[in-house]
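Worksheet: one structure, shown below.
Note that these values count all heavy atoms, side chains included, but never hydrogens, waters or copies made by symmetry.
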Amino acid sequence: MDTLYNTSSVLVLSGFNLSSESVFPAFLFATLSYMIILFCNLILILTIVLNKCLHQPMYLILLNLPINDLIGSSALFPQVIKEILTNSRTMQYSSCVVQAFFIHIYAAGTVFILSAMAYDRYIAICCPLKYNTVMTNAHIMRIITVVWGGCLIVIGVLFFLLLRLPRCRSVMSHPYCDNPSLLALVCANTTINNIYGLFLVAFTQVIANGMILYTYLQILVACFRSRRSDTKAKALQTCATHLIVFLLLECLGLFTIISYRIKNISPHLRRFMGLSTLIFPPTLNPIIYGLKTKEIREKVVHFFRNKLNPV
């Protein structure tokens, strides 16, 4: 069996192939990006948790977004920074699987959480009289449980199908780990994995895109029917910014997924798009969905004002 299958526990990553002059700028960019993501998302988490007035359905659902962003960025950046600093291209197979698992949890979680947030805004704006009746604490907990439970189940099945197969290669085509890269190391029939992967992408895209586009369309219709011009402007600004961030995530994610099916595409472009999916959304999400919200912004400003100018 050992002659047929590679049972080595060490994988060789493709690396970034950085010159000596570009190591420091790359390290600086990666470190600053990770620090910004940590700072913005932790500020948003602490602001919601420590202020009881923000313990409302909208913010309790929103709380899951920075937690999810920290999962994705923390799965990627420490390993990338270590790789840049040490120029080490080796990684334990078990560590690689763990990194890939949490990166996919982040990807699925983002889609599910944004769908839940869109549903909450739909009820709040289109059915305001029913909001307090529908969005009870018990209902919020059910939504959050479905979001995280759904992520763990669909991604757990994805990796169960992966880990049942034997490996015969140890050289990765990516500087970090994900399911397609790990699947490329397998030397068995991967038809079931490919079918499930395509089904998972199609299912999540149809559910998420359908719900988000429908809810925001209904929100826009409801707001434009309002006679208050300030309501229309605020709704248009909010929906536009949310949709731009969501579409950015969708475009980056779908391009990365499709790029694995296209053999002629540049590996450098594939790496760039894949890394962008794990850099830009976690940076923009706490700003667009959190700090642009008036109540959260006021609490953050009040906190820093008290720290900088204590009475």
Side-chain angles (χ1 to χ4, degrees), residues 1-17 71-72 75-76 79-80 83 89-112 148-209 249-278:
M1 185 66 68
D2 291 342
T3 60
L4 292 176
Y5 300 136
N6 182 356
T7 56
S8 171
S9 62
V10 179
L11 300 179
V12 179
L13 305 178
S14 65
F16 293 101
N17 298 318
I71 290 173
L76 172 75
Q79 179 261 324
V80 168
E83 183 179 331
R89 297 186 180 184
T90 59
M91 189 176 189
Q92 291 292 323
Y93 178 72
S94 57
S95 300
C96 189
V97 171
V98 170
Q99 182 188 53
F101 178 80
F102 282 110
I103 285 176
H104 283 271
I105 285 288
Y106 154 77
T110 301
V111 173
F112 289 167
W148 289 109
C151 289
L152 290 172
I153 290 172
V154 297
I155 301 303
V157 172
L158 184 71
F159 278 82
F160 169 78
L161 293 174
L162 169 70
L163 295 175
R164 70 190 173 88
L165 299 173
R167 289 183 295 121
C168 57
R169 304 176 188 90
S170 60
V171 179
M172 298 280 290
S173 61
H174 237 41
Y176 63 91
C177 302
D178 56 12
N179 180 67
S181 298
L182 287 170
L183 199 60
L185 306 179
V186 168
C187 50
N189 191 321
T190 60
T191 302
I192 295 176
N193 300 66
N194 292 331
I195 292 174
Y196 179 77
L198 290 172
F199 166 77
L200 183 58
V201 171
F203 175 76
T204 54
Q205 292 305 307
V206 168
I207 295 296
N209 290 335
L249 172 69
E250 285 293 299
C251 291
L252 292 172
L254 284 176
F255 181 87
T256 303
I257 293 169
I258 294 171
S259 67
Y260 282 103
R261 309 282 174 178
I262 305 174
K263 295 183 179 180
N264 295 330
I265 198 165
S266 168
H268 300 292
L269 180 59
R270 183 187 296 131
R271 292 171 194 171
F272 173 76
M273 299 299 285
L275 288 170
S276 297
T277 309
L278 291 156

Original post:
In chain order, what residues pass the disulfide bond (SG atoms under 2.5 Å apart) check against Cys151, with sequence neighbours excluded?
Top reply: none
Nearest atoms (heavy-atom pairs only) where [X] meets [Y]:
X	Y	value
Ala100	Asn179	CB-N, 4.3 Å
Leu278	Gly72	CD2-O, 4.2 Å
Ala208	Val111	CB-CG1, 3.0 Å
Tyr196	Val154	OH-O, 2.8 Å
Ala188	Leu165	CB-CD2, 4.2 Å
Val186	Arg169	O-NH1, 2.7 Å

Original post:
Are there more than 12 heavy atoms of other residues, nucleotides or ligands under 6.0 Å from atom OH of Tyr93?
Top reply: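 Correct, the count exceeds 12.
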Subject >> Leu163 CG: over 12 foreign heavy atoms closer than 6.0 Å >> reply: yes
Original post:
Does a donor on one side chain sit under 3.5 Å from an acceptor on the other, for Thr191 and Asn194?
Top reply: no
**OP:** Report the C-alpha separation of Leu249 and Thr277 in whole Å, then their side-chain angles, then the decisive distance to 0.1 Å, and conclude whether the side chain to side chain contact (heavy atoms under 4.5 Å, CB included) test is met.
**Re:** CA-CA 6 Å; Leu249 172 69; Thr277 309; 4.1 Å; yes
Original post:
Can you list the steps and then say if Leu152 with Phe101 is a side chain to side chain contact (heavy atoms under 4.5 Å, CB included)?
Top reply: CA-CA 9 Å; Leu152 290 172; Phe101 178 80; 4.2 Å; yes
**OP:** Please lay out, stage by stage, how Met172 and Ser14 fare under the test side chain to side chain contact (heavy atoms under 4.5 Å, CB included).
**Re:** CA-CA 6 Å; Met172 298 280 290; Ser14 65; 5.7 Å; no
Subject >> Qualifying residue, where the test is side chain to side chain contact (heavy atoms under 4.5 Å, CB included) with Cys96 and the options are Met91, Gln79, His174 >> reply: Met91
Original post:
Does anything in residues 153-166 pair up under side chain to side chain donor-acceptor pair (under 3.5 Å), and if so which pairs, sequence neighbours excluded?
Top reply: Arg164-Asn193
Any [X] side-chain heavy atom under 4.5 Å of [Y] side chain:
X	Y	answer
Leu200	Val157	no
Leu182	Leu11	yes
Phe102	Leu76	no

Distance (rounded to the nearest 0.5 Å) between [X] [atom1] and [Y] [atom2]:
X	Y	atom1	atom2	answer
Thr204	Phe112	OG1	CZ	6.0 Å
Leu158	Ile153	CG	CD1	13.5 Å
Ile192	Leu162	CD1	CG	13.0 Å

**OP:** Would you check, one step at a time, whether the test side chain to side chain contact (heavy atoms under 4.5 Å, CB included) holds for His104 with Phe159?
**Re:** CA-CA 10 Å; His104 283 271; Phe159 278 82; 3.8 Å; yes
Subject >> Under 3.5 Å donor-acceptor, Gln99 side chain and Cys177 backbone >> reply: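 Answer holds: yes.
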Original post:
Hey, what do you get for Cys168 versus Cys187: SG atoms under 2.5 Å apart or not?
Top reply: no
Original post:
For Phe272, what residues pass the side chain to side chain contact (heavy atoms under 4.5 Å, CB included) criterion, not counting sequence neighbours?
Top reply: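 By the side chain to side chain contact (heavy atoms under 4.5 Å, CB included) rule, Phe272 matches Ser276.
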